[in-house]
Amino acid sequence: MEMFWTVAAQVAIMFLLMGAGFLGYKIRLISQEGADQLTTVLLTFVTPCVILDAYQSEPDARLLSGLVAAFAVSLGIHFFTILLVTVLIKKEPRGFYKSERFGVVFSNCGFMGFPLAEAVMGEKGILYASAMVAVFNLLQWTYGRALMEGKTEMKSFARSFLNPNVLAVALGLLMLFLKIRLPSVIGAGVTYLGAMNTPLGMLIIGTFIARSNFVKSLGQKRIYLISFLSLAVVPLLCLAVLHFLPVDKEVVLICLLLAACPCAANTAIFAHRYTGDGLYATNLVVVSTLISAVTIPLFMLVMALTGIV
């Protein structure tokens with residue numbers, strides 16, 4: 001139960017920070033251009049620093065095996081979800097199914113997942129979460145872009161490996177296995193930048209909510225069904241499978257916690273760029289984010305009852 005209250009408190013803090021971003025946008029303290037620039041800073045500098053800082057841990061056999069397991073579990077969760085949405089979310093003329101499938105497959109594991117993982121398990125949580133985020137980035141620029149655009153390009157596959165977060169994981173792994181430590185001054189700078197991840201990420205999500213047609217989004221019944229699929233059905237099914245597999249419980253905890261996060265903000269960004277249903281995708285992100293304030297702590301309680309925590 002202690003983990004439940006830890007996660008509940010962290011979710012409450014995150015939503016308070018989102019509220020600050022929401023207010024900042026509404027009173028024009030943060031512009032849309034400013035929010036976009038903050039997003040670029042977060043993804044290019046801050047999140048990679050969070051990952052690098054976590055990989056400065058002292059390697060041991062259990063940690064390394066847990067990291068390998070985290071990559072395997074992350075791949076399994078994503079591929080299982082891709083199969084599930086292909087079966088459950090049928091194609092329809094408006095093309096909304098593309099955003100719906102994307103939103104269910106790709107959770108907000110970076111912006112919201114890292115703060116939750118750190119609150120639950122500290123640096124080890126970040127380490128395991130980085131595996132999920134790396135898989136997320138690789139698949140969103142391959143499967144995700146192909147889904148939204150309707151075609152597959154090798155450029156997208158190559159681009160996925162050049163994502164700053166994926167590069168940070170690769171560099172972090174190299175440093176971890178070779179026991180390379182950053183010089184103290186550089187390491188301190190990386191730590192300071194990484195500390196910005198939670199407040200900056202939540203401020204950005206707050207501006208995202210402020211930019212949406214919030215009232216209209218609450219009246220779209222299908223969005224609730226897709227949110228339920230993303231926030232409850234997928235995590236619970238993955239929990240049912242992983243509960244019976246010989247996987248470290250700490251790895252399962254972190255991967256499932258990230259899988260239970262709301263639809264990724266990139267659902268709306270990709271929709272705006274490739275499908276033209278950006279408004280619907282934005283509403284999906286907003287509604288699933290708001291509902292997650294309740295579902296994430298509840299899912300944590302379910303994991304506690306099943307003995308994962």
Side-chain angles (χ1 to χ4, degrees), residues 3-4 6-15 18 73-74 76-78 80-89 96-97 99-117 119-120 129 132-133 136 139-140 144 201-202 205-206 208-209 212 214 217-243 252-268 271 280-306 308-309:
M3 285 285 192
F4 166 77
T6 299
V7 170
Q10 183 64 29
V11 169
I13 292 167
M14 289 161 65
F15 270 82
M18 285 183 210
V73 170
S74 299
I77 289 173
H78 279 93
F80 170 75
T81 310
I82 289 171
L83 177 62
L84 189 67
V85 298
T86 303
V87 173
L88 295 181
I89 302 177
F96 286 176
Y97 75 94
S99 294
E100 291 172 347
R101 289 182 180 180
F102 190 102
V104 175
V105 171
F106 298 110
S107 71
N108 205 343
C109 58
F111 282 13
M112 291 187 71
F114 274 137
L116 289 170
V120 169
M132 188 82 159
V133 171
F136 165 92
L139 289 178
Q140 79 161 344
M202 296 307 103
I205 293 177
F208 201 79
I209 295 172
S212 71
F214 178 73
S217 67
L218 295 177
Q220 295 177 285
K221 294 180 181 179
R222 183 169 174 81
I223 285 181
Y224 292 99
L225 293 174
I226 300 302
S227 297
F228 177 72
L229 179 61
S230 174
L231 298 170
V233 175
V234 168
L236 288 172
L237 287 176
C238 291
L239 172 61
V241 173
L242 290 170
H243 184 64
V252 173
L253 167 62
I254 295 300
C255 290
L256 287 179
L257 190 57
L258 269 63
C261 287
C263 301
N266 275 357
T267 306
Y280 177 78
T282 299
N283 291 340
L284 177 59
V285 172
V286 169
V287 171
S288 66
T289 299
L290 294 174
I291 295 174
S292 72
V294 176
T295 59
I296 291 175
L298 285 178
F299 183 64
M300 195 70 190
L301 181 60
V302 171
M303 285 199 286
L305 293 174
T306 56
I308 295 297
V309 179

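Quick note: numbers below take in every heavy atom, side chains included, and nothing from hydrogens, waters or symmetry partners.
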Which atoms form the tightest heavy-atom contact between [X] and [Y], and what is the distance?
X	Y	value
A259	P235	O-CG, 4.1 Å
I296	P262	CD1-CD, 4.3 Å
A265	V285	CA-CG1, 4.2 Å
A129	L258	CB-CD2, 3.7 Å

Rounded to the nearest 0.5 Å, how far does [atom2] of [Y] lie from [atom1] of [X]?
X	Y	atom1	atom2	value
M18	I205	CE	CD1	4.5 Å
F102	Q140	CZ	CD	5.0 Å
T295	L301	OG1	CG	12.5 Å
M202	M112	CE	CE	5.5 Å
L239	L256	CG	CG	5.5 Å
L84	R101	CG	CZ	11.0 Å

Does the [X] side chain pair with the main chain of [Y], one donor and one acceptor, at a distance under 3.5 Å?
X	Y	result
S288	C263	yes
H78	S74	yes
S230	I226	no

Do the non-hydrogen side-chain atoms of [X] and [Y] ever get within less than 4.5 Å of each other?
X	Y	value
F4	M303	no
R222	Y280	yes
L116	V11	yes
F299	L236	yes
M300	L257	yes
V233	V104	no

Side chain to side chain contact (heavy atoms under 4.5 Å, CB included) between E100 and L229, worked out
CA-CA 10 Å; E100 291 172 347; L229 179 61; over 6 Å; no

Between L284 and F96, does a side chain to side chain contact (heavy atoms under 4.5 Å, CB included) hold up when you go through it step by step?
CA-CA 11 Å; L284 177 59; F96 286 176; over 6 Å; no

Of the options I82, T267, L139, N266, which is the one that meets F106 in a side-chain contact (heavy atoms from CB on, under 4.5 Å)?
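Of I82, T267, L139, N266, side-chain contact (heavy atoms from CB on, under 4.5 Å) with F106 is met by L139 alone.
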
